[in-house]
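Below, all heavy atoms of this structure are taken into account, side chains as well, without hydrogens, waters or symmetry copies. Every chain is numbered from 1, with letters handed out A, B, ... down the list of sequences. What you see is a predicted model, and the numbers here were worked out from it, not measured in a lab.
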Amino acid sequence: MADPTNYHIVVIGGGGTGAALAYDLAQRGYRATLLERGELTSGTTGRHHGQLHSGARYAAGDRSIARECMEETRVLMRIAPEAIEYNSGLFVALTAEDEAFAETFVESCAEAGIPTERLSAEACLRLEPGLNPAIRCGVRVPDGTLDAWRLPLHFFAAARGHGALIRNFAPVVGIELDRTGVRAVRMRDLRSKREEEIGCDLVINAAGAWAGQVAGLAGVSLPLTPAPGSMLAVRKRLTNLVVSRLHPAGDGDILVPQRGLSIIGSTQWQTDDPDDVVPSDEEVEFLRESAVAMVPGFAEAPYQAAWAAVRPLAGASVDVEAGRALSRDFVTIDHGKNDGVGGLVSLIGGKATTLRAMAEQAVDVVGGLLDVSRECRTAEYVLPSHRAYYRNHATEPERSA
Amino acid sequence: MSERNRTVAVYRNREVGFQEFTVPENERTTVLDALEYIRARIDPDLMYRHSCHHGSCGTCGCAVDGKFVLSCLTRLGDLEGDVVRVEPLPTMDHIGDLAVDPTKFFEEFPEGLTYLRPSEVNAKAERPEDVAEYTRFENCIECGLCVSTCPVTADFTGPAALAAIDREIEKHPEREDEMLDLADGKRGAAACERALNCSRVCPTGVYPAKHIAFLNRKLGKRRAAEKE
């Protein structure tokens, strides 16, 4: 068995996935460097809707994804409780069709290990008086709200505490290969405007919707379609619980309360360019109407912001419906096996809720490639505060979760 | 939706000063949208901080036409003048273009401050048995705009950290003594000059000046009690 301290791993991409990877690698003893082209979590992660998924939304479509969400929700509540408003969630039926879906929904949740509570319309309104009084019934589930900036910052702080080097404003401009595979990455430091070559034993591509571009630097084709989705926030917190439509997962059907805001999302379209995406007028109007249908007070609340976040869809051209199902899963790709480029691994897809589990899976794959047998222990310790990323990050002691 | 062009002057560095860019603008376009456009279409090296795009993370603070704001909530259409001037926050270490390093800002926050607070929303509504208390994140998004606008030139803990310390006392009265120790002394709450700039500039209604006044009152009471 090999010693992980002999290996230098470069993670490309400073979103939630990269944050969890850097922590997992450093905790298992690897030397880890993370490179992010802009500010940390400035791509997709930070623009996340903010829903902590119990998995209820996915249960009818895929029990195993749902089960994993529930398990990771429990882990995050132990290791990062300060990044989560854990007030539970309510799926509400607006139509007879929604109401008829309740049975399937509750059964699927049970099969995925997600506790539910069926509620009459009156009981829903007693919990959330701002709901549309015409709702027919509801189901309460263990959803929550996460802080899309501070949750990954907890992981970045832990990564730094374990010695990982985190470099922002550091776009990767090249991946250097020798006959066995990846030898180094070339990075352009935007602070100094100089290019650096960083020698490494393995690269993990965690660039999300930009992962196709990163793989391309190593001559590997990774067919991903950037698929933006839009959100709309108003300046009033209307509920304590996350409110979702009780129907098969669709557009504009989740209203997430966060701090003093209410945020409705999402939509999905496809684009060639993941940069510079903004919502259309039609989307903003659609989102507003969808929110008002569930919580009428949304109509009068002042506008805060409308923005889009880009998910990576697997496959170069997949239709939106198939894409939605695909995009909720994550996959670790060993490009040594797949494409003959050793020392390159891509971790694609996933959700904010499952960031820790994604990293665990990918670093297990890395361990297999490098013959390192160190177990993942990221579920066992309380993460340092998000502020610790900037402040005294090396000094906070580890506490068991 | 009507589109038109707008000139945005972005601070780059001492040598270049401001560089002007032309960006498309509609009713919703924010300063951050403009920066995203510039980086995607004109200059991929442009450095600026951003994350959530909806006033929740606190990373995108900057000076727009001389006012300290979050770039993600500042719409070009609400700004007068043909040219919009964007500069980095002056109180944090400058690392390039509009980007700053917030380390000094975060170093003022003591360890162990909580970030969740009880939710005041629908206070009279029923609560499920398995939810002990509805919670939500603190209003303060730690953007540093208050520190940037504060006129105090002496060494000072600053409005953001002091407000967080007072919030901790409000949530956990049992920690009052420990927290007051942190707010006491020459660089603590006593250094506040009561300009109230911090409360005016805060994008999330924290009113730091009010919390500093509360701290001074609590400190005064404690001193009086110690004398007795």
Requested in this report: Please tell me if the side chains of A:Glu128 and A:Asn240 come closer than 4.5 Å, counting only heavy atoms from C-beta onward.
Outcome: yes

Report summary line: So, the part of B:Asn13 with a heavy atom under 4.5 Å from chain A: the answer is neither

Query raised in the report: Salt-bridged, A:Arg391 to B:Glu107, with N to O below 4.0 Å?
Result: no

Query raised in the report: Under a 4.5 Å heavy-atom cut-off, does chain A meet the side chain of B:Leu32, its backbone, both or neither?
Result: neither

Query raised in the report: For A:Leu232, is it the side chain, the backbone, both, or neither that has a heavy atom closer than 4.5 Å to a heavy atom of chain B?
Result: neither

Requested in this report: Go through the atoms of B:Pro203 and report whether side chain, backbone, both or neither lie under 4.5 Å from a heavy atom of chain A.
Outcome: neither

Requested in this report: Count the heavy-atom pairs under 4.5 Å between each of B:Lys104, B:Glu138, B:Arg136 and chain A, then report the option with the highest count.
Outcome: B:Arg136

Query raised in the report: Quick one: is the NZ or CZ of B:Arg85 closer than 6.0 Å to the six-membered ring centre of B:Phe18, and within 45° of its axis?
Result: yes

Report summary line: If one checks every heavy atom of B:Arg127 against chain A at 4.5 Å, the contacting part turns out to be backbone

Query raised in the report: Does the side chain of A:Arg237 come within less than 4.5 Å of A:Leu261's, by heavy atoms?
Result: no

Query - Max heavy-atom pair count under 4.5 Å with chain B, selected residue of A:Ala305, A:Ser42, A:Ala306 - result: A:Ser42

Query raised in the report: Do A:His386 and B:Tyr115 have ring centres separated by under 6.0 Å?
Result: yes

Query - Cation over ring face, A:Arg160 and A:Tyr389, 6.0 Å, 45° - result: yes

Report summary line: Whatever's closer than 4.5 Å to a heavy atom in chain A on B:Glu120 counts as neither

Requested in this report: Counting only heavy atoms closer than 4.5 Å, note whether A:Arg188 contacts chain B via side chain, backbone, both or neither.
Outcome: side chain

Query - Which atoms of A:Leu40 approach chain B - backbone, side chain, both or neither, heavy atom under 4.5 Å - result: backbone

Query raised in the report: Can you check whether A:Ser230 reaches A:Val284 side chain to side chain, under 4.5 Å on heavy atoms?
Result: no

Query raised in the report: Using non-hydrogen atoms only, which part of B:Arg39 is less than 4.5 Å away from chain A: side chain, backbone, both, or neither?
Result: side chain

Query raised in the report: So, B:Arg117 and B:Thr135: side-chain donor and acceptor under 3.5 Å apart, yes or no?
Result: no

Report task. Would you mind checking which part of B:Leu35 comes under 4.5 Å of any heavy atom in chain A, side chain (CB onward), backbone (N, CA, C, O), both or neither? Result -> neither

Query raised in the report: Considering residues at least two apart in sequence or located in another chain, which fulfil the ring-ring contact (aromatic ring centres under 6.0 Å, His included) criterion with B:Phe105?
Result: B:Phe109

Query raised in the report: Given a strict heavy-atom distance threshold of 4.5 Å, which part of A:Thr145 is in contact with chain B: side chain, backbone, both, or neither?
Result: both

**Report entry** Side chain / backbone / both / neither for A:Leu238 at chain B, heavy atoms under 4.5 Å
**Finding:** backbone

Query raised in the report: Should the heavy atoms of other residues, nucleotides or ligands under 6.0 Å from CD of B:Glu129 be counted, would the total exceed 12?
Result: no

Requested in this report: Sort A:Pro81 into side chain, backbone, both or neither according to what part of it lies under 4.5 angstrom from a heavy atom of chain B.
Outcome: backbone

**Report entry** chain B contact via A:Lys236 - side chain, backbone, both or neither, heavy atoms under 4.5 Å
**Finding:** neither

Query - Which portion of B:Thr29 sits near chain A, non-hydrogen atoms under 4.5 angstrom - result: neither

Query raised in the report: In terms of heavy-atom proximity below 4.5 Å to chain B, should A:Ile84 be classed as side chain, backbone, both, or neither?
Result: backbone

Query raised in the report: Under the salt bridge (Lys or Arg N to Asp or Glu O under 4.0 Å) criterion, do B:Arg175 and B:Glu168 qualify, and how do the steps go?
Result: CA-CA 8 Å; B:Arg175 300 189 74 185; B:Glu168 194 67 21; 2.8 Å; yes

Query raised in the report: Under a 4.5 Å heavy-atom cut-off, does chain B meet the side chain of A:Ala308, its backbone, both or neither?
Result: neither

Requested in this report: Could you please spell out the steps behind the ring-ring contact (aromatic ring centres under 6.0 Å, His included) verdict for B:Tyr48 and B:His50?
Outcome: CA-CA 7 Å; B:Tyr48 53 97; B:His50 64 116; 4.9 Å; yes

**Report entry** Contacting moiety of B:Glu133, where chain A heavy atoms sit under 4.5 Å
**Finding:** backbone

Query raised in the report: Where does B:Val131 contact chain A at under 4.5 Å (heavy atoms): side chain, backbone, both or neither?
Result: side chain

